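These notes are about the structure you will find just below.
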Protein chains: 2
Amino acid sequence: MMELTRKGDYAIRGIIYLASQPPNKISLLSEIATAVDVPQTFLAKIFQQFSKTGIVKSFRGTGGGFLLAGPPEDITLLQVVEAVEGPILPNRCVLKPGECERDLTCTVHPVWRQVQQQVRGLLGNITLKELTTK
Amino acid sequence: MMELTRKGDYAIRGIIYLASQPPNKISLLSEIATAVDVPQTFLAKIFQQFSKTGIVKSFRGTGGGFLLAGPPEDITLLQVVEAVEGPILPNRCVLKPGECERDLTCTVHPVWRQVQQQVRGLLGNITLKELTTK
DNA sequence: TGGCAAAAGACTTGTCAAGTCCTGTTACCT
DNA sequence: AGGTAACAGGACTTGACAAGTCTTTTGCCA
């Protein structure tokens, strides 16, 4: 359980590639896809989500491509993962207080919240910089 | 992401019900299913897995049913979850060293291992006793 | 040995991951 | 302006797996 989807995996590979390029060097989608070995059309979807959430900047037309929106040390693994996988929720009842009808009786609730916080904390502390400087 | 399946959710509900029964009181599957509001046939599958992994004892025939295999303070949430959901693996490459062909180059690897350990540690520290003594 | 209850396996249904494909939109270049 | 280079977005396909259901078998007890 708790598995990252392939999309999440691809997303991480792709953005690490971007982060390891020279600053301000625009990368083509085709180039990234080949480099990290992911179907280009699928990677396109992923980078569209990156673009929407603002961790990547995109440019169209000739000379276009993708660029990291900020310095690698400002982008965390948490941002990357949540951009494509959605929020980290060990159990759907964690989010909204009213969701779980057995809310008050549910003794497991606080445990899931703890798990969520731990994982978010961990991923939030890892930046792209640390993932590139091998 | 990282969501527990409904099966896992049901499993927890079911075993907490068992744990909150008087010691040595055998519970019928039908009784548990009604109490925790889960389809009986589905809960049956779950308890079969419990039985196989040994956290629950089962008895057939008249007067049969289910019993916690040990005291509630000896059974952890981790055991319960892994019994029905399989091992906690944030990424498939975490387990076997050879699985990931980009093994050596993969800088994310240690992060997933950390996540795995944190979550397992958390869940492993919660026992059924703590979940019943509200 | 009859009936009660769990075990086991085959089957169904629906959802979602993992792509593909096609068309649109924007930007540059001549 | 027209053509081409690239990303954006939507619709669609396929396969796997979650979530059950149904039926038969096995074991136990009275």
Side-chain angles (χ1 to χ4, degrees), chain A residues 1-15 18 25-34 36-69 81 83-87 89-92, chain B residues 1-15 18 25-34 36-69 81 83-87 89-92:
Chain A
M1 73 161 299
M2 317 276 297
E3 270 191 44
L4 195 69
T5 66
R6 203 171 300 181
K7 181 152 113 182
D9 198 50
Y10 292 169
I12 295 171
R13 287 197 222 170
I15 200 122
L18 256 201
K25 191 230 158 191
I26 291 184
S27 302
L28 285 176
L29 186 64
S30 56
E31 172 196 338
I32 308 171
T34 307
V36 300
D37 193 31
V38 169
Q40 178 173 343
T41 51
F42 194 32
L43 195 65
K45 301 295 182 190
I46 294 169
F47 270 72
Q48 278 171 33
Q49 291 186 261
F50 280 161
S51 187
K52 269 192 218 160
T53 61
I55 65 184
V56 141
K57 272 189 286 196
S58 74
F59 306 93
R60 303 210 227 192
T62 314
F66 293 93
L67 206 57
L68 226 52
V81 170
V84 299
E85 301 263 28
L89 288 177
N91 199 339
R92 28 203 162 303
Chain B
M1 71 160 300
M2 317 274 299
E3 271 191 45
L4 196 67
T5 66
R6 203 170 302 180
K7 181 153 113 182
D9 199 50
Y10 292 168
I12 295 171
R13 287 197 223 169
I15 200 125
L18 255 200
K25 191 229 156 191
I26 292 185
S27 303
L28 285 176
L29 187 64
S30 57
E31 173 197 337
I32 309 172
T34 308
V36 301
D37 193 31
V38 170
Q40 178 173 342
T41 50
F42 194 32
L43 195 65
K45 300 296 182 191
I46 294 170
F47 270 72
Q48 280 170 31
Q49 290 186 262
F50 279 162
S51 186
K52 269 191 218 162
T53 61
I55 65 184
V56 141
K57 271 190 287 195
S58 74
F59 307 93
R60 303 209 224 192
T62 314
F66 294 93
L67 205 58
L68 226 53
V81 170
V84 299
E85 301 264 27
L89 287 177
N91 200 337
R92 29 203 160 301

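All chains are named by letter (A, B, ...) in the order of the sequence lines, taking the proteins before the strands, and each is independently numbered beginning at 1. It should be emphasised that the depicted structure is a prediction, and the values quoted were computed from it without experimental measurement.
Of the residues near DNA chain C, B/Lys45 and A/Gly63, the one whose nearest nucleotide (by heavy atom distance) lies more toward the 5' end is B/Lys45. When the nearest nucleotides of DNA chain D are assigned to B/Gly61 and B/Gln40 by heavy-atom distance, the more 5′-ward of the two goes with B/Gln40. If A/Phe59 and B/Gly64 are placed on DNA chain C by their nearest nucleotide, the residue sitting closer to the 5' end is B/Gly64.
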Please lay out, stage by stage, how B/Gln40 and B/Leu29 fare under the test side-chain contact (heavy atoms from CB on, under 4.5 Å).
-> CA-CA 7 Å; B/Gln40 178 173 342; B/Leu29 187 64; 4.0 Å; yes

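Between the P atom of C/dA10 and the CD atom of B/Gln48 lies a distance of 13 Å, rounded to the nearest Å. Rounded to an integer number of Å, the gap from CZ of B/Phe47 to C1' of C/dA5 is 14 Å. Atoms CZ (B/Arg6) and P (C/dG14) sit 14 Å apart, rounded to a whole Å. We find that CD1 of B/Ile46 is positioned 15 Å from C1' of C/dA6, with the value rounded to whole Å. Atom-to-atom, CZ of A/Phe42 to C1' of C/dC16 comes out at 12 Å; the value is rounded to the nearest Å. Rounded to an integer number of Å, the gap from CZ of B/Arg13 to C1' of D/dA19 is 14 Å.
The only option from A/Val84, A/Val81, A/Ile46 that meets the side chain to side chain contact (heavy atoms under 4.5 Å, CB included) definition with A/Ile12 turns out to be A/Val81.
Nucleic acid contact class of B/Phe66 (heavy atoms, under 4.0 Å, all strands): sugar-phosphate only. B/Ser51 comes within contact range of the sugar-phosphate backbone alone, with a heavy-atom separation under 4.0 Å but no base atom that close. B/Lys57 comes within 4.0 angstrom of no nucleic acid atom, judged by non-hydrogen atoms across all strands.
Counting distance only, with no hydrogens placed and no angle test, the side-chain atoms of A/Lys52 and the base atoms of D/dG9 include no donor-acceptor pair under 3.5 Å. Between the side chain of A/Lys7 and the base of C/dG19 there is no donor-acceptor pair of N/O atoms closer than 3.5 Å.
Using a 4.5 Å cut-off on side-chain heavy atoms (C-beta onward), B/Leu18 and B/Ser27 make contact. Two residues are said to be in side-chain contact when any heavy atoms from C-beta on lie closer than 4.5 Å; B/Val38 and B/Ile32 fail this criterion.
Annotation for B/Glu3 and A/Met1: closest pair O-CE, 4.4 Å, computed over non-hydrogen atoms.
OP1 and OP2 of D/dA19 both lie 4.0 Å or more from every side-chain N or O belonging to B/Tyr10. Phosphate contact (OP1/OP2 of C/dA7, side-chain N/O of B/Ser58, threshold under 4.0 Å): present.
You'll find that the side chain of A/Thr41 is closest to C/dT20, out of C/dA8, C/dG19, C/dT20. Distance from the side chain of A/Arg60 is smallest to D/dC7 among D/dG20, D/dC7, C/dG19.
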